[in-house]
Enquirer: 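This is the structure I have questions about; it appears just below.
Positions are given from 1, in the same order as the sequence printed here.
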Amino acid sequence: MAITLCEVCVEDLEGAKNSLQVGANRVEYCDDLANAGTTPNPKNIIHLAKWIEAEQPGKAMRIMIRNRPGNFTYTNEEIQDMAQTIKGLETQLKDLTLDYGYVIGALKTGHDGENIVDQEAVKNWVAQTENPLTFHRAFDEIPNWEQALKDLAECGIDTILTTGKTAGQVDEGRGYSTEGLQKLQAAAKPLGITILASGGMRPETYHDGLAEGGITQVHLRAPKTTEAKSESSEVGSSTDPELVKAMLKTLKLGE
C-alpha cells in the first residue's frame, strides 16, 4: 500500500490556498486551532469552496463543525445548532461540484462511566448532508475503540481522524501509534471506514509502517515557526507551505 492523500489542517484562507497550491490533496478548514478547532466564518467557507472549484479542480475540503471550544459532550441545543450550521452550508454549497464534507464528533458517558460515541448527535448531523463526514480526534478519548468503530459505521461516518493511541502504544518520539493505526485500519476497512492518520505528522516523524499497514491517508498541521513567520511576506497565514511541500515529498505524493 502507499499513501494516496495528504490533508492539511488550516485556520485561514491563505493557509488553505497555499497548501493546495503546493500539492496537498485536501484541506480541513477550521477556526481557533489553538482550542482544537471550531467552525470558520460561513462567508469564508463559501469563498474557499468556490476558489477551490475554480482554481484547484480535483482538490477537496472538509469543514470543521464545532460551535465552541472545550469538551466534546454537547447539549441538545448545541447539537441542533450544529445541525443547522450544516444545513445552512448545504444550501449554499449544493450547486458546487468540488469534493467537500464535514468534520464532526460528539461523546457521551456510557454505563461504565467511559466515553462512547454520541450516536444520536452524530446521526442528526449525518442526516443533514449526503456528503462525506469525518469523525475527529474525539475518537481518541474513547477507550473501547472496537465498539466505537461499529457505532460510527452504523451512523454513516466514512473517515476517522485519529492518532491510534487507544489501540496501541504511542511510538517513541512520535505523537501517534503505528501499531494502533494499523489495528484500526484493519478493523475499519470491512466497515467501509477510512482511517486518517494524525499525531504531529512531519517529514522526520513519518513512519513507512503506516503505509505498509494499510494506511492511505495522513493529516497534519503545518504551522510556521517564528523564523518562517518573520521571513514570510504572506501576512495572515499561519501555515507553512514549505513544510507542506516537504511532507508531500516524504510521502512521495505529486512526483
Enquirer: Could you check whether any side-chain heavy atom of V8 comes within less than 4.5 Å of a side-chain heavy atom of L220, counting everything from C-beta outward?
Expert: yes
Enquirer: Please report the interatomic distance CG(N44) to CG(D31), rounded to the nearest 0.5 Å.
Expert: 8.5 Å
Enquirer: Distance-only, no hydrogens or angles: does the Q147 side chain make a donor-acceptor pair with backbone N or O of N144 under 3.5 Å?
Expert: no
Enquirer: If you compare all heavy atoms of L133 against all heavy atoms of D158, which two are closest, and at what distance to 0.1 Å?
Expert: N-OD2, 3.1 Å
Enquirer: For the residue pair M61 and I63, establish whether any side-chain heavy-atom pair is separated by less than 4.5 Å.
Expert: yes
Enquirer: CD1/I104 to CD1/I79 distance, rounded to the nearest 0.5 angstrom?
Expert: 10.5 Å
Enquirer: Would you name the heavy atoms of T163 and G199 that are closest together and state the gap between them?
Expert: CG2-CA, 3.8 Å
Enquirer: Rounded at 0.5 Å granularity, tell me how far CG in L181 sits from CD in E179.
Expert: 10.0 Å
Enquirer: Taking atom types as modelled, is there a side-chain donor on N131 or E90 under 3.5 Å from an acceptor on the other?
Expert: yes
Enquirer: Using a cut-off of 6.0 Å, state whether more than 12 heavy atoms not belonging to Q92 lie near its atom CD.
Expert: yes
Enquirer: Can you see whether D171 engages T178 through a side-chain donor-acceptor pair at a distance of less than 3.5 angstrom?
Expert: yes
Enquirer: Are V122 and I157 side-chain neighbours, meaning at least one heavy-atom pair lies under 4.5 Å?
Expert: yes
Enquirer: With a 3.5 Å cut-off and no angle check, do the side chains of Q80 and N76 form a donor-acceptor pair?
Expert: no
Enquirer: Closest heavy-atom contact between L20 and A60?
Expert: CD2-O, 4.3 Å
Enquirer: Examine the side chains of T73 and N71 and answer whether a donor and an acceptor come within less than 3.5 Å of each other.
Expert: no
Enquirer: With no hydrogens and no angle check, is any side-chain donor or acceptor of N18 less than 3.5 Å from a backbone partner on P241?
Expert: no
Enquirer: Between H207 and Y176 (judged by ring centroids, cut-off 6.0 Å), do the two rings come close enough to count as a pair?
Expert: no
Enquirer: Do L48 and Y29 have side chains that get closer than 4.5 Å, going by heavy atoms?
Expert: yes
Enquirer: Strictly distance-based, threshold 3.5 Å: is any side-chain N or O of K59 a donor or acceptor partner for the main-chain N or O of R26?
Expert: no
Enquirer: Is there a donor in the side chain of T38 and an acceptor in the side chain of N67, or the other way round, less than 3.5 Å apart?
Expert: no
Enquirer: Ignoring hydrogens and geometry, is there a side-chain-to-backbone donor-acceptor pair from T129 to W125 under 3.5 Å?
Expert: no
Enquirer: Tell me, yes or no, whether the heavy-atom count around K17 atom NZ, taken from other residues, nucleotides or ligands under 6.0 Å, exceeds 12.
Expert: yes
Enquirer: Which heavy atom in Q185 sits nearest to a heavy atom in T194, and how many Å separate them?
Expert: OE1-C, 4.2 Å
Enquirer: What are the two closest heavy atoms between C9 and R221, and how far apart are they?
Expert: CB-CG, 3.7 Å
Enquirer: Enter the distance from R68:CZ to E78:CD here, rounded to the nearest 0.5 Å.
Expert: 4.0 Å
Enquirer: For T97 and E53, test the side chains for any donor-to-acceptor distance below 3.5 angstrom and give the result as yes or no.
Expert: yes
Enquirer: Look only at the side chain of E11 and the backbone of L33, and say whether a donor-acceptor pair between them is shorter than 3.5 Å.
Expert: yes
Enquirer: Are any non-hydrogen side-chain atoms of I116 and L107 less than 4.5 angstrom apart?
Expert: no
Enquirer: Which heavy atom in L253 sits nearest to a heavy atom in C6, and how many Å separate them?
Expert: CD1-CB, 3.7 Å
Enquirer: If we ignore angles and hydrogens, is there a donor and acceptor under 3.5 Å between the side chains of E120 and N124?
Expert: no
Enquirer: At what distance, to the nearest 0.5 angstrom, does CD of Q217 lie from CG of L5?
Expert: 4.5 Å
Enquirer: Is any side-chain heavy atom of L161 closer than 4.5 Å to a side-chain heavy atom of E28?
Expert: yes
Enquirer: Is it the case that more than 12 heavy atoms not belonging to K123 sit under 6.0 Å from its NZ atom?
Expert: yes
Enquirer: Strictly distance-based, threshold 3.5 Å: is any side-chain N or O of R174 a donor or acceptor partner for the main-chain N or O of T205?
Expert: yes
Enquirer: Just by distance, do the side chain of T239 and the backbone of P223 share a donor-acceptor pair under 3.5 Å?
Expert: no
Enquirer: Group every Ile, Leu, Val, Met, Phe, Trp and Tyr by side-chain heavy-atom contacts under 4.5 Å, then state whether Y100 and L13 land in the same group.
Expert: yes
Enquirer: Any donor-acceptor pair under 3.5 Å linking the side chain of S198 with the backbone of T162?
Expert: yes
Enquirer: Decide yes or no on salt bridge (Lys or Arg N to Asp or Glu O under 4.0 Å) for E7 and R62, but give the supporting numbers first.
Expert: CA-CA 9 Å; E7 176 182 273; R62 297 291 182 266; 5.4 Å; no
Enquirer: When you measure from the side chain of R66 to the backbone N and O of G70, does any donor-acceptor pair fall under 3.5 Å?
Expert: yes
Enquirer: If hydrophobic clusters are built by linking Ile, Leu, Val, Met, Phe, Trp and Tyr wherever their side-chain heavy atoms come under 4.5 Å apart, do W145 and L191 end up in the same one?
Expert: yes
Enquirer: Does a side-chain heavy-atom distance below 4.5 Å link L96 with K50?
Expert: yes
Enquirer: Quick one: does N115's side chain have a donor or acceptor within less than 3.5 Å of a partner on G110's backbone?
Expert: no
Enquirer: Quick check: is V117 connected to Y102 through a chain of hydrophobic side chains (ILVMFWY, heavy atoms under 4.5 Å apart)?
Expert: yes
Enquirer: With rounding to the nearest 0.5 Å, note down the distance linking NZ in K165 to CZ in F139.
Expert: 12.0 Å
Enquirer: Would you kindly confirm whether L196 and M247 end up in one hydrophobic cluster when ILVMFWY residues are joined by side chain heavy atoms under 4.5 Å apart?
Expert: no
Enquirer: Take a 6.0 Å sphere around CD of E130 and say whether it holds more than 12 heavy atoms from other residues, nucleotides or ligands.
Expert: no
Enquirer: Set out, in order, the CA-CA distance, both residues' side-chain angles and the distance that settles side-chain contact (heavy atoms from CB on, under 4.5 Å) for L251 and M201, then state yes or no.
Expert: CA-CA 11 Å; L251 298 174; M201 292 286 175; over 6 Å; no
Enquirer: Charged N to carboxylate O below 4.0 Å: is that the case for E154 and K150?
Expert: no
Enquirer: State plainly whether one hydrophobic cluster holds both V10 and V244, where clusters connect Ile, Leu, Val, Met, Phe, Trp and Tyr through side-chain heavy atoms under 4.5 angstrom apart.
Expert: yes
Enquirer: Assess, by modelled atom type and distance only, whether the side chains of D140 and T166 contain a donor and an acceptor separated by less than 3.5 Å.
Expert: no
Enquirer: L184 versus I193: any side-chain heavy-atom pair under 4.5 Å?
Expert: no
